[in-house]
Amino acid sequence: MADYDVIVVGGGISGLMSAMTLSKHHKKVLVLEKRSIVGGNCNSYDVDGFQVDTGVHAITHLQVGPLRRIIDTYFDYTPVFIDHGTYYVRSHRGLSKIPSTIKEFATFDVLPKMDRLLLSQTITKAITHSTLGTELTHQSMYDFLPNGLSQDAMDFIDAICYSLSGRPMKETSVHRMLTGSSLMRDSVPENFWGDEEIVRTYRALLINHLNGGQIREHLSVLSRLAVNNIGYSQAYPRKGLKSFLNAVLYSMSDSVEIKTSTKVERIFTREGMLKGVITDEDTYTADAVVYTGFVKDMPDVVDNLPASYIQDLEGIVQTRSATFWLGLDAKLPEFDYKGSEIWFKPRAYWAMPISNYDEQLAPPGKQLVGFTFIVDESVPISEDKERMYNTILEALPGIEDHIEMTHFQTTIPEKAAVTIDGYFAQPRTPIKNLYLAGTDTDRRSMGITRAGYSVLELLKVMRDDHHIE
Ligand SMILES: Cc1cc2nc3c(=O)[nH]c(=O)nc-3n(C[C@H](O)[C@H](O)[C@H](O)COP(=O)(O)OP(=O)(O)OC[C@H]3O[C@@H](n4cnc5c(N)ncnc54)[C@H](O)[C@@H]3O)c2cc1C
């Protein structure tokens with residue numbers, strides 16, 4: 001008999017949500033994490049009295065989506081989520097709301113009038129195409145844009161692409177832009193297709209739509225042009241990002257054992273059958289293993305993977321991000337808002353004053369702001385770090401006089417970037433009973449939400465394979 005029902009390799013949020021949900025299906029689970037703490041990219045810690053997160057985070061799709069399903073079904077404790085607020089763009093003239101609708105686009109005076117006109121037409125065209133079923137996941141934003149846009153407009157779109165996919169507009173798909181800006185939703189309630197009445201209504205509306213009849217606003221994709229909100233259903237967890245991690249940890253059943261500072265060196269098989277894992281100190285056997293490290297690294301950990309599978313994994317595209325956390329000695333008027341901001345002059349950043357959601361994240365009277373950049377891997381990190389820092393100083397003249405804490409982080413935010421031709425693995429691997437979860441096994445949404453999708457897909461295939469009821 002095996003030591004465990006399931007071994008989960010990696011104690012990031014994907015691994016922990018996998019372990020927690022499997023434990024609720026009465027499985028005896030062992031989580032092995034190579035670092036001394038769990039949480040991976042989803043955590044918070046103290047730096048000189050300021051509580052920073054592992055990167056700037058807004059958690060998405062909270063009203064309807066994978067995390068809502070996991071929270072409602074499996075969590076014993078739910079974090080308090082504070083509405084994200086507004087997305088702004090910062091220019092030398094100050095802050096302007098990022099347009100969500102065609103009407104807001106028309107008055108978005110950060111860009112010249114001609115750009116606004118061309119972009120409004122482009123968005124309408126993209127939504128019309130997607131409503132009519134045109135496949136836009138392999139169509140790059142760059143190829144879809146009209147001629148004649150100014151350099152400012154190109155930089156603005158590039159900045160949005162970087163924040164949605166981690167890659168420039170040449171590698172970001174139109175579909176990604178539409179879903180990331182909430183103009184299209186990629187999640188529906190779990191019972192959506194199972195509920196016959198909803199399906200009947202939806203079909204009737206679609207037929208009506210194709211016949212040119214009236215369509216009810218909340219189900220029409222085109223109507224989003226008028227009513228969209230790009231911050232829809234997004235939030236920041238009170239007490240910081242670690243409160244989401246803690247909610248997962250509090251919800252674990254007793255049947256989960258977690259070992260930190262334990263690196264899995266090999267996932268071993270015998271006669272093609274999965275047997276267990278070998279760590280730097282021990283060997284553990286299990287009926288199933290869920291690997292949540294970088295899928296790209298799997299050939300280093302697992303024997304006998306087929307050559308074609310290894311070749312597919314080489315198609316995974318990654319990106320590296322860096323975050324500057326600045327602890328400010330006062331609450332600055334520049335950050336007197338709830339939400340986040342984008343600076344799009346090259347180089348672009350995405351920033352969030354997180355102590356505006358929860359004052360306790362900074363010492364009394366002070367403020368904590370995170371600035372996330374995509375790292376330019378063509379230059380040494382020390383040089384790039386200086387360029388990033390100088391960008392902040394350029395965007396926010398005078399901020400330097402208020403900085404009392406600087407903390408720099410660099411990491412790979414998602415194990416696979418959603419690009420027009422980047423590869424994503426499936427939860428099932430070619431080895432029976434070896435499964436995958438994490439942000440390189442599902443291309444929907446982003447970050448923690450994508451981790452949630454991957455865990456739901458994992459549960460689905462493990463149910464089909466009779467590991468859980
Ligand atoms: C700057 C930044 C901004 C972000 N912004 C957002 C955002 O706004 N919204 C959002 O939802 N998400 C965001 N994310 C992404 C989100 O944090 C991650 O996608 C998510 O935390 C990834 O979880 P994971 O478990 O899949 O991977 P990871 O966190 O990478 O966890 C994998 C774990 O496996 C361990 N491991 C790997 N190999 C082994 C081994 N052989 N043995 C033992 N352990 C192993 C690692 O040490 C790690 O702890 C952001 C991330 C960053 C860095």
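For clarity, every value in this text was computed on a predicted model and none was experimentally measured. The first residue of the sequence shown is numbered 1, and numbering continues consecutively from there. We count ligands from 1, going down the list as the structure has it; atoms in each ligand are counted the same way.
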Can [X] and [Y] be counted as an ion pair, charged N to O under 4.0 angstrom?
X	Y	answer
Lys242	Asp53	no
Lys24	Asp76	yes
Glu394	Arg347	no
Glu334	Arg90	no
Asp465	Arg428	yes
Lys259	Glu281	no

Check: [X] N/O within less than 3.5 Å of ligand 1 N/O:
X	result
Ile13	yes
Gly55	no
Asn41	yes
Thr54	no
Val56	yes
Pro413	yes
Gly293	no

What protein heavy atom sits nearest [atom], and how far off is it?
atom	value
atom 31 (O) of ligand 1	Gly12 CA, 3.4 Å
atom 11 (O) of ligand 1	Ile448 N, 2.8 Å
atom 8 (O) of ligand 1	Ala58 N, 2.9 Å
atom 49 (O) of ligand 1	Glu33 OE1, 2.7 Å
atom 25 (O) of ligand 1	Ser14 N, 2.9 Å

Any side-chain donor near an acceptor of the partner, Glu171 and Tyr142, under 3.5 Å: no

Within the 4.0 Å heavy-atom cut-off, what Phe244 brings close to ligand 1 is neither

Checking contacts here: is it the side chain or the backbone of Thr439 that comes within 4.0 Å of ligand 1, counting heavy atoms only? Could be both or neither. both

The reported gap from OG1 in Thr439 to OH in Tyr453 (rounded to nearest 0.5 angstrom) is 14.5 Å

In this structure, is the centre-to-centre distance between the rings of [Y] and [X] below 6.0 Å?
X	Y	answer
Phe371	Phe324	no
His407	Tyr45	yes
Tyr74	His25	yes

Is the closest heavy atom of [X] to ligand 1 under 4.0 Å?
X	result
Tyr236	no
Thr262	yes
Leu32	yes
Lys415	yes
Ala451	no

For atom 13 (C) of ligand 1, state which one of His57, His61, Met17, Lys34 supplies the nearest heavy atom. His57

Which atoms of ligand 1 have any heavy atom of Met446 under 4.0 Å away? 11 (O)

Heavy-atom nearest pair, Leu459 first then Ile468, reads O-CD1, 3.6 Å

